[in-house]
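When a residue number appears, it is its place in the shown sequence, counting from 1. As a basis for the values below, the full set of heavy atoms in this structure was taken, side chains included, without hydrogen atoms, waters or symmetry mates.
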Amino acid sequence: MSTPYICHRCVARLTRFTSKPPKHSFQFHTQTAVAPISRSQSVWVPEEQRQRLGIDDDFPTSNGANRPRPPPVANTQKAQYNARAKVYPRWDGQLIKFVPRRRPLGIDGLPVEGSRDMKRKVLGSFGDYKVIYGDLKAFYGLSHQETRHTIVQLGRLLWGRDALEEAAMRLDLYHDWKSNFKGLLKDLKSPTEESVDFGTSSDERILKDMWQRLDQQKRESLWPQMILSILRTNPGTLPSFLQSTFQSSWCPSYILEDSLYILFQSFGEKNISHTKQQQLLELVMFLLENSPPRYMCLEQMIIQKLVSWLSTAQVLELYEALKTVEHPLHWNTLLHFASRFAQDAVYKVEAAQILHSLRSSRGFDINSPAAASVCTTLLNLKAEDRVPSDEAAPDELFKMLLDAGFHPNLLGLSALMRNFCVRGRVEVAWNIFNLLIQRGIQPDVQVFSILLSGAKHALDIESLQRIVNVINASNSWSPYLVNDLLGFIYQSNEFHNKSGKLSRTHRKRNCEVAWRLMVQIYTKFFRLTPLQKLTLYPLENLLVTDAKKQLPTHLSQVNRSTATLAPLPDRLLMRPDSTTLTLMFKAHLRSMRNPRPLKVYYHHFINLLRKGDRTVVNLVKDRGNMIYNIFLRDFLQFNATVKDGLQIVREAILATHRQSNTNAHQPPPPSVHTYTILMSGLRNSRHPQGVITALNTMIKEGITPNITTWNVVIGTLLKENYVWEAVKVMQHLEQVGLQANDRTVQEITSISYPKRKRVASLVEKLGEKRFDIKDQRALAESLLRIWKKKPSQISMRQARNINRQHGGEDGKSVGEQLLKASSSEQITGTTASF
């Protein structure tokens, strides 16, 4: 046989085979071309070669006849390969989450009568252990949560164990442990605080030394048995044993998890000591720090108990440790972490990050009631907290929540903005407002009222200008918004008059300008008739402004901010409510320079009330004794009308003691604010005995003084050099639970340095003796007895104070001065006749 010719194409095909010979017969294409075709057998030649060799479509047969060619096998295989290539495209580099499909194994109906049946069902479920949930729960006697945790343990125990023998051996050990665990749960008893002993560091060192002397195989076999023995006898020694013997390389994780579950479950819902809580935390932190990632999965109950026990800083430490070991956390548990972090201003960023990470968790809805409550807590601040900056700023946190899918309603946002406006952080409220506009949420009148009220409380002229422009653009003026605008003018003027050392004439001039400006704004939105009833001259005279007259600085800024306000048409003018009329009437009375107009206006008001004027009657009905308090405060400004103010209070007290109070013109019963105004006015008029007399009267009438009332008393006593009595009042505030405020501190710091030093020493001395001064009536009567002492019982310093108070005359003794003071018709005697 001659050697065939081999072309370059055939050589290339031969190089594709290595040392293994080709599975099918190999033939060179040159051999096909030169070899003669035998007539005794049919030869099928591919179409490509036939075309190249010039062979006809039909092949000659052995009898000389032509027959159809065989089917193109090679082309059929190629078509099938192309079809498969279309069904299975090339991998694009993206990992798709594997979702196991349940296989119809037919194991659901198999009974479980022993461990062999349970083992067969576990192995037959092929990793989908949820199908045997009922069998696990009934066979091991577990609760719902314990069964779910068992399913998680089986998944980590048998995951990736392809060898059936290895999986069966692991399952046998797990079954033995779970059988003992079932007995431990039945015999579980809550240990007493005395029986729980967590061991000492010396015990741990001794145990660790003894444990290390054992060989590895002995330790692995003894470790589960010793844990069972400890849990049956004294679970309190388990932390010491675990910290001495634990090694993650050979210790089964399910034994560790169930042991911790029994240890925490043994305490139940009882409150254990702080020391025990810290030792349990140390145990959990030790196990987490010495475990590889995804080694251990604690019960959610354990984590929730630790979160409730620990401080916020320790909760953050626990959370970081769980994240380090990639511990699986349910979204409900993460929500507990976020709730704890949201309550502390220092850790609000961590809470926002948790909420932001939960947005992709299955089953979690950030707009659910529980999550929305955490969001509200996150955005709120306590009264003593400072508003943080940078990432922890409330507007930044709010933006992060919006990115996480939070859909706040206007009610919650209104409460949030009001929270910051009350604290004086109007700029934070404006940042939230801007985010609302960016998100397409349309603000309502309530939001405008909050921002305007915040500008009023903070006296922020820039915020006022901004909110006025927004309200004008939306044409949303309402009585509430106009009232806030008028209140801004009134409070701004009051603050300016109190902050500067201005004379009474200067202060009254500012009040007149503020009253004129308020009337000009009032007439743009409200009907003039109701307010005109309360005044005695035409209000149209105030609508003309003298351009040459320069306004005060604080009022000129307000005038520029409100100059663009367009008046409403007459048919659209609103009817003023009682709040509007009270505010305007208060500003009008404040602008009066002498007491005579005050008396005239009071009689005019009483006459309208007796005539049954609808506006005045509704005003008294809606606002209570606020109108009378306004008259009382203004009467006490002048010495000539102090008696008129006392007469108002006396009539109110007498009205309360009448059996029937049917007359509409009679004043309402005095409130704690009425007495506080009275005492403050008597103090400013230098009538200290009247202050204490008013205090006794209000207590006898059943009215409890507030911290503002006691501040007036403390300031009066300190000014009259009754330091010991003032300190007794301070201790009374502490015993009854009233918290001192800034005004209390101001009353103490305004006295001289020797007095402050004496106050400090007396406070320390009185704190050591701890007198019982809770009875406020006995305290008030003891203060009143200061002015009822006999002349021999009064020191020279007190006598000089009394002489100075009553304008002592030369040549008269102290006793004669006291006799005159006690029998005079001055104000102190008048207040005593309450």
Side-chain angles (χ1 to χ4, degrees), residues 115 118 136 139-143 146 149-150 153-154 157 169-268 270 272-273 275-277 279-288 290-291 295-299 301-302 305:
S115 59
M118 189 73 252
L136 292 173
F139 187 76
Y140 293 118
L142 305 176
S143 64
E146 293 167 352
H149 192 71
T150 301
Q153 288 178 341
L154 287 173
L157 179 69
M169 182 182 65
R170 285 174 169 265
L171 193 57
D172 288 337
L173 296 176
Y174 183 79
H175 170 71
D176 293 340
W177 168 258
K178 277 297 179 180
S179 300
N180 291 291
F181 179 73
K182 176 180 179 182
L184 290 173
L185 290 177
K186 290 182 178 180
D187 300 334
L188 187 63
K189 295 181 180 180
S190 179
T192 61
E193 193 73 16
E194 292 78 10
S195 64
V196 179
D197 182 15
F198 286 91
T200 60
S201 57
S202 59
D203 297 336
E204 294 178 8
R205 288 193 298 268
I206 295 174
L207 180 60
K208 189 174 184 179
D209 182 61
M210 296 176 60
W211 184 260
Q212 294 297 331
R213 296 178 184 178
L214 302 176
D215 60 336
Q216 182 67 25
Q217 186 176 3
K218 191 71 173 177
R219 281 182 282 178
E220 292 182 10
S221 60
L222 284 178
W223 196 70
Q225 301 176 16
M226 293 187 68
I227 288 183
L228 289 174
S229 177
I230 291 173
L231 291 175
R232 290 192 180 102
T233 56
N234 189 4
T237 59
L238 182 63
S240 301
F241 178 78
L242 291 178
Q243 291 180 0
S244 303
T245 62
F246 171 71
Q247 287 184 357
S248 60
S249 58
W250 55 267
C251 292
S253 61
Y254 56 86
I255 296 180
L256 197 64
E257 296 165 5
D258 292 344
S259 301
L260 289 177
Y261 176 77
I262 293 178
L263 181 62
F264 277 79
Q265 194 75 2
S266 61
F267 291 100
K270 62 177 291 187
I272 65 175
S273 63
T275 304
K276 307 303 181 186
Q277 294 176 0
Q279 291 176 343
L280 288 174
L281 173 64
E282 292 176 1
L283 172 63
V284 174
M285 295 299 296
F286 168 80
L287 296 176
L288 293 176
N290 293 273
S291 301
Y295 167 77
M296 187 170 55
C297 180
L298 298 176
E299 276 275 8
M301 177 270 299
I302 298 176
K305 280 193 173 183

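The salt bridge (charged side-chain N to carboxylate O under 4.0 Å, His left out) analysis of residues 238-252, with sequence neighbours excluded, yields no pairs.
Atom CD of Glu220 and atom CG of Leu173 lie 10.5 Å apart (nearest 0.5 Å). Residue Asn290 holds its CG atom at 10.5 Å from OH of Tyr295, rounded to the nearest 0.5 Å.
The neighbour count for Gln217 CD, taken as heavy atoms of other residues, nucleotides or ligands under 6.0 Å away, does not exceed 12.
Taking both residues in full, the closest heavy atoms of Thr245 and Trp250 are given as O-CZ2, 3.9 Å, listed atom of the first, atom of the second, then distance. The nearest pair of heavy atoms linking Leu283 to Gln243 is CA-NE2, 3.5 Å. Annotation for Leu214 and Arg219: closest pair O-NE, 3.3 Å, computed over non-hydrogen atoms. The two residues Ser240 and Ser244 have their closest heavy-atom pair at O-OG, 2.8 Å.
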Practice prompt. Starting from the C-alpha separation in whole Å, work towards a yes-or-no answer on side-chain contact (heavy atoms from CB on, under 4.5 Å) for Ile227 and Leu256.
Written response: CA-CA 9 Å; Ile227 288 183; Leu256 197 64; 5.8 Å; no
Worksheet item: What's the verdict on side chain to side chain donor-acceptor pair (under 3.5 Å) for Gln153 and Thr150, showing C-alpha distance, side-chain angles and the deciding distance?
Response: CA-CA 5 Å; Gln153 288 178 341; Thr150 301; 4.6 Å; no
Worksheet item: Are Tyr261 and His149 close enough, and set up right, to give a side chain to side chain donor-acceptor pair (under 3.5 Å), and what steps lead you there?
Response: CA-CA 11 Å; Tyr261 176 77; His149 192 71; over 6 Å; no
Discussion item. Between Ile302 and Leu280, is the side-chain contact (heavy atoms from CB on, under 4.5 Å) condition met? List the steps.
Written reply: CA-CA 10 Å; Ile302 298 176; Leu280 288 174; over 6 Å; no
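With sequence neighbours left out, Ser291 forms a side chain to side chain donor-acceptor pair (under 3.5 Å) with no residue at all.
Considering only heavy atoms from C-beta on, Lys178 stays 4.5 Å or farther from Leu136 through its side chain. Within the 4.5 Å cutoff, side-chain heavy atoms of Phe241 are placed close to those of Trp223. Side chains of Leu287 and Leu298 form no contact here, defined as non-hydrogen atoms less than 4.5 Å apart. Counting only heavy atoms from C-beta outward, the side chains of Ile230 and Ser259 never approach each other to under 4.5 Å.
A side-chain contact (heavy atoms from CB on, under 4.5 Å) with Gln265 is found for one member of Met301, Glu299, Glu146 and no other, namely Met301.
Here Phe181 and His175 keep their ring centres 6.0 angstrom or further from each other.
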